[in-house]
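The structure appears right after this line, and notes come after that.
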Amino acid sequence: MLDAGALVLGLALAGSGCGRPESIELAAIRGCGLDQEFSGLRVRVLGDFPASGGSEILLGPTQRGTIPELPDGATGVAAEGLFGTTTTAIGRSWGVDPELARGRLRGFDEDAAVLPVFFAAPDSLCELEFQPEPGAELIAAAHPAGDVLLVGGLSPGLALREQVVHVDLLTGRTRALGASLAQPRRGHSVYPIDGRRFVIVGGAWPGALAQDRVLVDVDGAGSVTSVGPLELEGDALLVSDHAAARSPSPAGQLLIAGGCDIVDPQARCDPASALTATYWIDPAQPGATVPLPPLTQARYGAHAVVSTDGVAWVAGGFGSDGTRLRSLERLRPGGTWAPVHELADAGVHGLAVLDGGLVVLSDDAGLIHWWSEAGSGSLDPTSRAPPLAIVATERPMLALPGERVLVDTWLFTPGTAAVDPASGRVELPPLARHGGQLLGLHDGTALIVGGWMTDSQALADAPLLRLRPRLDGPDEWTPELAGPQNDAFVGNTPGRATVIVGGLRLDALGGEPDALPPVRAHVRGFRSRAMRLEFSYEAEPGSTAHVIVGQGSESLVAIALGSEIVVRRRGPDGSTETLDCGPAPADGALAGELVLELGAGGNQLRLDAAGTTLATCELEWPSSAGLSVGFGVTGAEGARFFGLRLARR
């Protein structure tokens with residue numbers, strides 16, 4: 001990877017808003033797959049607003065240009081290198097704050113206002129130019145300021161390390177800090193806090209639990225400082241090998257689940273000390289720990305996810321007898337942990353949760369399994385899932401924007417409704433590896449940290465690989481949805497949503513037509529809070545079609561399009577209610593328009609047909625969380641949806 005100044009994108013943005021500089025330059029951090037010259041460069045500002053001439057520009061090979069302003073609400077700037085009409089490279093800026101890169105990029109003045117863009121071929125996996133020493137079990141965290149911290153892990157000789165490594169993602173440079181941990185540590189977790197700082201929580205050193213938290217500041221020369229532990233009602237909270245996950249909510253709570261409180265001379269958990277305790281923590285505030293209900297099963301080394309609507313999930317790990325666990329547990333807000341699924345023949349090695357409630361689990365035999373409230377099963381490794389090698393270590397997974405999942409060095413789309421599901425599966429060269437920690441980054445890329453070579457069981461030679469997925473995320477949208485299109489929709493029940501000529505078909509599972517729909521599909525890559533969805537539908541005998549607005553894994557609003565319009569809402573706690581939206585008859589079929597407007601002016605959902613408003617609802621959704629929109633079906637047969645068009649308002 002070259003320095004940021006090696007490929008300067010020929011564009012300047014005019015700043016807007018308080019404190020922004022008058023001109024902001026884009027600078028590319030060159031990734032891999034850029035062997036040919038571009039015939040053009042398309043640059044556009046990303047955000048929850050329609051594209052316009054003032055927020056997009058197309059440049060020739062030697063041209064420079066200006067976008068008049070960076071609008072309020074902008075979340076980034078996308079750049080696409082073109083060869084004819086084909087996109088051969090893509091990039092997205094690290095947010096819109098040019099202060100982050102000030103003084104950090106070589107080749108630019110100290111006071112230059114620059115937005116760095118990691119620029120690479122779509123769906124490419126690039127080795128960072130500056131690599132740390134190979135390692136496994138590296139614990140890492142990404143910071144919104146463009147930093148990654150790697151702590152501890154195993155050396156090539158499989159000895160525990162006390163090293164602390166800083167990766168500057170805005171420049172691609174890597175360094176080991178001069179300061180290190182007081183003792184080698186494993187079983188800890190790492191979290192970003194204010195400034196360019198991180199906190200190391202929990203873990204153990206040989207023979208004992210770690211007694212402190214560690215503050216790491218990566219600004220300048222960097223520092224490593226031991227401070228007091230987390231506390232619960234005044235007592236130190238000491239735990240190792242716990243599952244950890246950050247809530248995407250504005251509060252940013254952090255989940256700690258399970259772990260152990262006795263370790264051996266290699267700092268590994270004593271299975272008999274496996275814990276059921278779970279907490280919300282604030283790593284920067286030692287006394288802010290909030291106890292949660294206990295897990296139903298003691299476990300350490302497990303995997304955890306918190307979805308955007310605050311529902312927590314924990315799976316796998318090891319039980320108090322040292323055997324690998326097969327179960328998946330769920331915690332809804334205000335509730336208790338409850339087991340929802342268990343694999344029949346294998347332990348869980350990885351966990352990912354997609355919007356709409358599709359849970360994906362990996363095992364050691366190379367199989368990928370799924371669960372949702374509508375059912376469960378295994379994904380076919382010749383179409384919906386990648387063919388994976390048999391491994392004995394963990395196989396983490398990461399849910400990416402666009403409803404794709406990263407596992408080992410594969411991308412796949414488990415719930416795609418594409419005509420050919422295998423077309424959504426991509427093998428990422430250059431290395432066959434597994435067991436690395438997976439980090440989703442602020443610019444839509446992902447980082448694979450550490451891991452093992454699949455063929456030789458040796459440590460990966462290049463511990464840091466950066467994935468640039470194709471742009472298909474929260475700021476992307478598809479204005480025309482008439483099929484068939486690859487990956488146009490994803491569902492919570494793989495195989496029951498299918499793109500057909502001119503639209504989409506959903507197959508029902510039976511049951512009551514007026515219930516909440518267990519089979520759902522939503523538009524990929526669209527997370528706007530002000531939009532219009534046009535559609536028409538046909539519900540087959542004994543079935544009811546639904547329009548769905550969803551959030552996270554549990555929350556949704558379902559508009560039943562039966563003889564009477566009925567609107568129901570399910571909250572993240574699982575409770576349901578029928579909303580008073582002025583129901584009107586739909587006469588069994590309609591050509592409709594769903595209008596959703598969420599924001600400072602009020603949160604409103606409206607269903608129109610033939611110039612008539614059929615339902616209007618006032619909704620309560622968190623203002624910062626994304627939404628999805630799509631369809632559902634209940635009853636005996638199914639429903640088809642046509643004339644699909646989606647646009648931002």
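All residue numbers in this chain count up from 1 along the given sequence.
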Are [X] and [Y] packed together at the side-chain level, in the sense that at least one heavy-atom pair is separated by less than 4.5 angstrom?
X: Thr578; Y: Val566; value: yes
X: Val290; Y: Tyr279; value: no
X: Arg505; Y: Asp507; value: yes
X: Leu388; Y: Pro381; value: no
X: Val306; Y: Trp313; value: no
X: Pro518; Y: Thr634; value: yes
X: Arg92; Y: Thr75; value: yes
X: Ser247; Y: Trp280; value: yes

Open item on the list: Which residue in the set Gln297, His341, Arg299 passes side chain to side chain donor-acceptor pair (under 3.5 Å) when paired with Glu329?
Closed with: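 That would be Arg299; it is the only one of Gln297, His341, Arg299 passing the side chain to side chain donor-acceptor pair (under 3.5 Å) with Glu329.
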[X] side, atom [atom1]; [Y] side, atom [atom2] - distance, nearest 0.5 Å:
X: Leu428; Y: Asp123; atom1: CG; atom2: CG; result: 6.5 Å
X: Leu506; Y: Arg520; atom1: CG; atom2: CZ; result: 11.0 Å
X: Leu400; Y: Leu411; atom1: CG; atom2: CG; result: 6.0 Å
X: Arg425; Y: Phe412; atom1: CZ; atom2: CZ; result: 10.5 Å
X: Cys581; Y: Leu607; atom1: SG; atom2: CG; result: 10.0 Å
X: Ser362; Y: Leu367; atom1: OG; atom2: CG; result: 10.0 Å

- [ ] May I ask you to check whether over 12 heavy atoms, not counting those of Glu577, lie within 6.0 Å of atom CD?
- [x] yes
- [ ] Identify the residue among Glu554, Arg332, Arg570 that makes a side-chain contact (heavy atoms from CB on, under 4.5 Å) with Asp309.
- [x]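 Exactly one pass, corresponding to Glu554.
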Between [X] and [Y], do the side chains contain an N or O donor and an N or O acceptor separated by less than 3.5 Å?
X: Thr278; Y: Trp337; value: yes
X: Ser628; Y: Asp355; value: no
X: His369; Y: Ser376; value: no

Does [X] reach the main-chain N or O of [Y] with its side chain, forming a donor-acceptor pair under 3.5 Å?
X: Ser553; Y: Gly357; value: no
X: Ser423; Y: Asp420; value: yes
X: Thr416; Y: Ala418; value: yes
X: Ser372; Y: Leu358; value: no
X: Thr613; Y: Ala615; value: no
X: Asp443; Y: Thr445; value: yes
X: Ser543; Y: Ala639; value: no
X: Arg404; Y: Pro401; value: no

Open item on the list: Apply salt bridge (Lys or Arg N to Asp or Glu O under 4.0 Å) to residues Glu80 and Arg42 and explain how you reach the verdict.
Closed with: CA-CA 5 Å; Glu80 299 172 340; Arg42 180 170 53 227; 2.5 Å; yes
Open item on the list: Working note: Thr616 + Arg606, criterion side chain to side chain donor-acceptor pair (under 3.5 Å); need CA distance, chi angles, decisive distance, verdict.
Closed with: CA-CA 4 Å; Thr616 302; Arg606 189 177 77 246; 5.5 Å; no
Open item on the list: Suppose the criterion is salt bridge (charged side-chain N to carboxylate O under 4.0 Å, His left out): which pairs have a residue in residues 375-385, not counting sequence neighbours?
Closed with: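 As it turns out, there is no salt bridge (charged side-chain N to carboxylate O under 4.0 Å, His left out) pair with a partner in residues 375-385 once direct neighbours are skipped.
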Open item on the list: Can you pull out every salt bridge (charged side-chain N to carboxylate O under 4.0 Å, His left out) where at least one residue sits in residues 490-502? Sequence neighbours excluded, please.
Closed with: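 Found none.
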Task: With sequence neighbours excluded, residues passing side-chain contact (heavy atoms from CB on, under 4.5 Å) with Arg324 - done: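 Scan of Arg324 (side-chain contact (heavy atoms from CB on, under 4.5 Å), adjacent residues dropped) gives Phe318, His349, Glu394.
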Task: Any residue meeting side-chain contact (heavy atoms from CB on, under 4.5 Å) with Ser124, in chain and number order, not counting sequence neighbours - done: Cys32, Ala120, Ala121, Cys126, Arg468
Task: Thr576 and Leu516: CA distance, side-chain angles, deciding distance, side chain to side chain contact (heavy atoms under 4.5 Å, CB included) verdict - done: CA-CA 9 Å; Thr576 60; Leu516 282 174; 3.4 Å; yes
List the atom of [X], the atom of [Y], and the distance in Å for their closest heavy-atom pair.
X: Leu398; Y: Gly440; result: CD2-N, 3.6 Å
X: Leu509; Y: Ala374; result: CD1-O, 3.4 Å
X: Leu354; Y: Ala399; result: CD2-CB, 3.6 Å
X: Val348; Y: Ala315; result: CG1-CB, 4.0 Å
X: Trp370; Y: Gly375; result: CZ3-O, 3.3 Å
X: Ala636; Y: Ala508; result: C-CB, 4.3 Å

Task: Charged N-O contact under 4.0 Å between Asp408 and Arg395 - done: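 Yes.
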Open item on the list: Could you work out, with ring pair (Phe, Tyr, Trp, His ring centres under 6.0 Å) as the rule, every residue matching Phe641, not counting sequence neighbours?
Closed with: Phe631
Task: Derivation of the side chain to side chain contact (heavy atoms under 4.5 Å, CB included) call for Leu439 and Gln437 - done: CA-CA 7 Å; Leu439 299 177; Gln437 186 176 351; 3.6 Å; yes
Open item on the list: My understanding is that only residues two or more places apart in sequence, or in another chain, count here; which of them pass side chain to side chain donor-acceptor pair (under 3.5 Å) with Thr493?
Closed with: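 Side chain to side chain donor-acceptor pair (under 3.5 Å) list for Thr493, sorted by chain: empty.
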- [ ] Check the pair Leu504, Phe535 against side chain to side chain contact (heavy atoms under 4.5 Å, CB included), reporting the backbone distance first and the verdict last.
- [x] CA-CA 11 Å; Leu504 177 77; Phe535 67 95; over 6 Å; no
Task: CA sep, side-chain torsions, deciding dist, call: Ile559, Ile565, side chain to side chain contact (heavy atoms under 4.5 Å, CB included) - done: CA-CA 7 Å; Ile559 306 174; Ile565 301 295; 3.7 Å; yes
